Amino acid sequence: MGLQPLEFSDCYLDSPWFRERVRAHEAELEKTNKFIKELLKDGKNLIAATKNLSAAQRKFAHSLRDFKFEFIGDAETDDERYIDASLHEFSNFLKNLEEQREILALSVTETLIKPLERFRKEQLGAVKEEKKKFDKETEKNYSLLEKHLNLSAKKKELQLQEADNQVEQNRKHFYELSLEYVCKLQEIQERKKFECVEPVLSFFQGLFTFYHQGYELAKDFSHYKMALQINIQNTRNRFEGTRSEVEELMNKIKRNPQEHKRANHFTMEGYLYVQEKRPAPFGSSWVKHYCTYRKETKKFTMIPFEHRSGGKVGDEELFILTYCTKRNADTIDRRFCFDLEASDRPGVPVTMQAFSEEDRKLWMEALDGKEALFISMNRANAKREGSAQLDKIGFTIIKKCISAVETRGINDQGLYRVVGVSSKVQRLLSLLMDAKTCNEVDLENSVDWEVKTITSAMKQYLRSLPEPLMTYELHGEFIVPAKSGSPESRVNAVHFLVHKLPEKNKEMLEILVKHLANVSKHAKRNLMTVANLGVVFGPTLMRPQEETVAAIMDLKFQNIVVEILIENHEKVRTPPTKPSPPGMKRQGQRIKRPLAVYNLCLELDDADSHSSPREDTPTGSMDSLSSQSPTPAFSSSPPGLLDGNHLIMDSGDLAGWTANLVAHRKARAVYPCEAEHSSELSFQIGAIFEDVQFSREPGWLEGTLNGKRGLIPQNYVQFL
């Protein structure tokens with residue numbers, strides 16, 4: 001688990017846990033800053049100390065090998081994992097150069113030192129300045145708030161109103177500064193991966209040219225370098241898309257924070273000042289607590305927390321609420337107060353003070369207090385409204401736009417990335433969505449509509465649908481396979497999920513993906529690779545129902561899902577199949593059982609050797625689709641003939657040998673299955689099978705699920 005995302009909505013609560021997460025991000029950036037300083041120092045040693053070059057290279061290599069980037073969220077993309085691993089790879093290259101004592105070129109200063117110094121000064125330095133402002137405003141905000149809350153309720157109304165306005169303005173300024181600081185923290189966390197690695201990559205490219213064996217070393221490095229450049233570019237592209245979505249969400253929350261309040265298991269939470277009574281003549285004191293309340297259980301918790309003392313958290317206190325009553329100004333010399341009574345302390349009310357009258361109303365409503373006012377908090381769950389629909393007109397719009405693009409602009413550079421003029425896009429979309437004018441619009445021959453206007457209108461239509469084309473319901477299921485598993489298992493899972501979509505959605509998606517695959521075939525001219533199309537159409541075809549920073553951090557996985565669809569569009573359009581039922585007739589002939597053909601290329605946990613990819617990888621194979629696939633290591637040769645990727649043997653020998661090979665292995669279902677015969681197992685996606693073995697029936701496995709043993713389609717599961 002990496003760093004937790006910093007939700008913008010948490011800026012308004014400013015809870016102790018939010019402050020802990022902020023400190024974790026700050027500590028990570030400080031660690032990165034120290035790492036860069038050390039890396040810069042080592043780089044300069046390479047230039048200056050030729051006599052100690054070998055030692056300097058070892059130190060540099062160790063610095064690279066020992067550092068690991070932290071990431072936001074619960075998973076990384078393949079590109080990010082390769083970027084993370086790149087530092088270790090760079091370290092290995094340096095070890096190979098240790099005995100080569102040549103002088104580094106002065107260009108190292110330009111390719112390595114300056115970019116890292118620029119990143120450290122301009123980016124990490126900017127974060128430090130923002131932190132100073134944030135800490136200063138924290139002190140100012142809560143000091144002013146305490147001073148304000150100590151105002152006597154007996155002062156003139158005009159004075160009180162002026163004081164309220166001043167506090168509100170200061171609070172708004174503090175919240176806006178907090179939002180900007182959180183946005184900057186997360187931006188740098190994402191930016192640092194390519195900003196730090198890219199200069200190192202440039203340094204390595206220049207380094208080899210100054211060695212006698214540089215040419216051969218550069219050839220070995222070339223493939224990895226090109227792959228890493230693609231990884232960096234993909235990560236940079238996804239970062240740009242994610243950053244724009246984050247900024248858009250931040251601006252939405254700035255405009256109306258209540259509508260973007262995150263749903264959680266607490267009915268109400270926030271800061272309250274709690275009156276703590278002391279023996280006479282000392283009176284009482286007011287201590288700030290972070291309070292939470294759950295209406296279902298009546299549980300109320302209080303945690304003392306002081307921002308100005310470095311965020312010190314006190315002991316938690318919990319009680320069961322029995323009643324809540326509003327305190328009038330004539331009964332206490334403070335405003336915004338109310339009383340609570342705990343079940344274990346009857347007759348001993350606890351007096352609380354909210355930050356404002358509106359805040360008190362919200363607490364009173366949540367606590368079912370007397371004189372509570374109803375305030376609807378469900379606006380954030382209101383469904384998106386849009387006039388676009390997946391109807392006959394919608395299909396006509398998409399088909400007309402696709403036809404025009406493929407006729408007029410398939411080779412246009414930046415196709416779908418170059419945005420049309422907003423007013424023209426809206427005008428075209430209005431004409432297309434009107435049943436009276438839709439058929440009259442000529443996109444293929446008219447010079448009135450530029451290709452960028454047509455592509456923007458098409459994307460705008462898809463984003464205007466009441467829910468995304470790949471639906472809210474399946475959004476989480478599509479994201480899961482993009483985060484883990486082998487490339488083949490990802491394709492299988494996405495393939496299955498596409499066929500869970502409603503018919504109209506699936507039909508529209510098929511039209512789009514086929515078109516995007518055609519666009520990617522012209523990437524040499526239009527520069528729109530599959531990865532670039534994924535960046536454009538990830539947020540267009542998929543989006544979560546609730547807008548949060550955590551959801552936006554999954555945007556890169558949405559892009560991967562779209563990439564999978566484009567690269568495998570021919571396979572995805574056909575429904576997933578399972579083997580013929582065991583023992584059933586096929587084309588009038590009973591399946592022969594004495595002789596069986598199996599693919600035994602299993603994904604082993606410890607695969608040190610690799611084989612080249614095979615183009616005939618079957619659907620049910622456990623091989624990865626990547627260029628480096630695990631090669632099975634057999635402890636002894638089986639009693640049969642090995643033909644290519646398949647083993648042919650008598651079924652009796654095969655059953656015994658395969659049982660020994662895969663006995664006690666576990667497997668996970670990547671598709672659901674409804675049993676058609678008593679010998680089969682029914683299961684849902686994600687089910688875990690125990691003691692999985694190959695069956696005598698071709699294409700089937702035997703396994704145990706919930707105590708029942710039966711047959712499982714081999715291409716419906718993935719070995720663990």
Side-chain angles (χ1 to χ4, degrees), residues 237-238 240-249 251-252 255 383-470 504-505 508-509 511-516 518-520 522 525-528 532-543 547 552 555 558-559 562 566:
N237 290 343
R238 290 170 185 145
E240 294 296 340
T242 301
R243 181 173 64 173
S244 63
E245 293 287 335
V246 168
E247 289 176 350
E248 182 180 346
L249 177 59
N251 291 329
K252 285 181 182 178
R255 290 191 294 268
K383 291 186 177 180
R384 297 170 182 252
E385 298 294 335
S387 58
Q389 300 293 334
L390 283 179
D391 52 13
K392 183 178 179 181
I393 292 180
F395 278 86
T396 301
I397 292 171
I398 295 300
K399 289 177 180 178
K400 285 175 74 75
C401 291
I402 288 176
S403 178
V405 169
E406 295 194 345
T407 302
R408 298 172 52 194
I410 196 72
N411 292 317
D412 289 3
Q413 285 194 6
L415 186 65
Y416 286 110
R417 295 201 79 162
V418 178
V419 182
V421 178
S422 179
S423 58
K424 292 183 179 180
V425 172
Q426 291 300 326
R427 185 156 62 91
L428 174 59
L429 200 54
S430 298
L431 291 173
L432 290 173
M433 294 179 67
D434 189 337
K436 298 178 181 179
T437 58
C438 180
N439 292 327
E440 298 175 3
V441 179
D442 184 2
L443 298 179
E444 293 188 25
N445 302 307
S446 175
V447 295
D448 295 336
W449 307 110
E450 297 176 279
V451 172
K452 64 181 181 181
T453 304
I454 298 172
T455 56
S456 296
M458 179 174 157
K459 290 187 293 181
Q460 182 62 38
Y461 163 79
L462 292 169
R463 284 207 167 195
S464 299
L465 292 171
E467 71 169 343
L469 194 60
M470 296 173 74
K504 286 187 177 180
N505 297 60
M508 179 69 82
L509 185 63
I511 294 170
L512 282 168
V513 171
K514 181 180 179 182
H515 166 63
L516 296 179
N518 188 27
V519 171
S520 68
H522 296 76
R525 297 282 299 276
N526 60 33
L527 306 183
M528 292 306 292
N532 287 339
L533 290 171
V535 171
V536 173
F537 281 90
T540 300
L541 301 180
M542 298 178 67
R543 65 175 181 268
E547 288 185 289
I552 292 175
L555 187 64
Q558 296 174 197
N559 303 345
V562 174
I566 298 172

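Predicted model only: the values in this text are computed from it and were never measured.
For the pair Asn237 and Arg417, the minimum side-chain heavy-atom distance is below 4.5 Å. You'll find the side chain of Pro468 stays beyond 4.5 Å of the side chain of Met542, heavy atoms only. Between Leu465 and Gln389, the closest side-chain pair of non-hydrogen atoms is not below 4.5 Å. Side-chain contact between Glu245 and Pro539 is present, with heavy atoms from C-beta onward closer than 4.5 Å. Counting heavy atoms from C-beta outward, Leu428 and Ser456 have side chains that stay 4.5 Å or more apart. At least one side-chain heavy atom of Leu512 sits less than 4.5 Å from a side-chain heavy atom of Leu469. Residues Val425 and Val419 fail the side-chain proximity criterion, which asks for heavy atoms closer than 4.5 Å. Contact of the Met458 side chain with the Ile402 side chain is registered, since non-hydrogen atoms from C-beta on lie closer than 4.5 Å.
Here the closest non-hydrogen pair linking Ile566 and Ser520 is CG2-OG, 4.1 Å. Between Cys401 and Leu432, the shortest heavy-atom distance links the atoms SG-CD1, 4.2 Å. Scanning both residues, Arg525 and Gln413, for their nearest heavy atoms gives O-CG, 3.3 Å.
In this structure, the side chain of Asn532 engages the main chain of Leu527 through a donor-acceptor pair within 3.5 Å. Under a 3.5 Å cut-off, the side chain of Asp412 and the backbone N or O of Leu415 do not form any donor-acceptor pair.
The side-chain hydrogen bond (donor to acceptor under 3.5 Å, both in side chains) analysis of residues 428-445, with sequence neighbours excluded, yields the pairs Ser403-Glu444, Asp442-Asn445.
Between Thr540 atom OG1 and Asn559 atom CG the span is 9.5 Å, to the nearest 0.5 Å.
Screening Ile511, Leu533, Val536 against Leu516 for a side-chain contact (heavy atoms from CB on, under 4.5 Å) leaves a single residue, Leu533.
Here Glu240 pairs with Arg243 under the side-chain hydrogen bond (donor to acceptor under 3.5 Å, both in side chains) rule; sequence neighbours left out. The side-chain contact (heavy atoms from CB on, under 4.5 Å) check on Thr242 picks up Val246, Ile552, Met553, Leu555, with sequence neighbours excluded. The side-chain hydrogen bond (donor to acceptor under 3.5 Å, both in side chains) search around Tyr461 returns none, not counting sequence neighbours. Remark: Glu450 pairs with no residue by the side-chain hydrogen bond (donor to acceptor under 3.5 Å, both in side chains) rule, at least two apart or across chains. Partners of Asn526 according to the side-chain hydrogen bond (donor to acceptor under 3.5 Å, both in side chains) rule, which considers only residues two or more places apart in sequence or in another chain, do not exist here.
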* For Gln426 and Gln460, run side chain to side chain contact (heavy atoms under 4.5 Å, CB included): C-alpha distance rounded to whole Å, both residues' side-chain angles, the deciding distance at 0.1 Å, then the answer. => CA-CA 9 Å; Gln426 291 300 326; Gln460 182 62 38; 4.2 Å; yes
* Could you please spell out the steps behind the side chain to side chain contact (heavy atoms under 4.5 Å, CB included) verdict for Val441 and Leu443? => CA-CA 6 Å; Val441 179; Leu443 298 179; 3.6 Å; yes
* Could you check Met470 against Asn505 for side chain to side chain contact (heavy atoms under 4.5 Å, CB included), going step by step and ending with a plain yes or no? => CA-CA 7 Å; Met470 296 173 74; Asn505 297 60; over 6 Å; no
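Between His515 and Tyr416, the distance separating the two ring centers is shorter than 6.0 angstrom.
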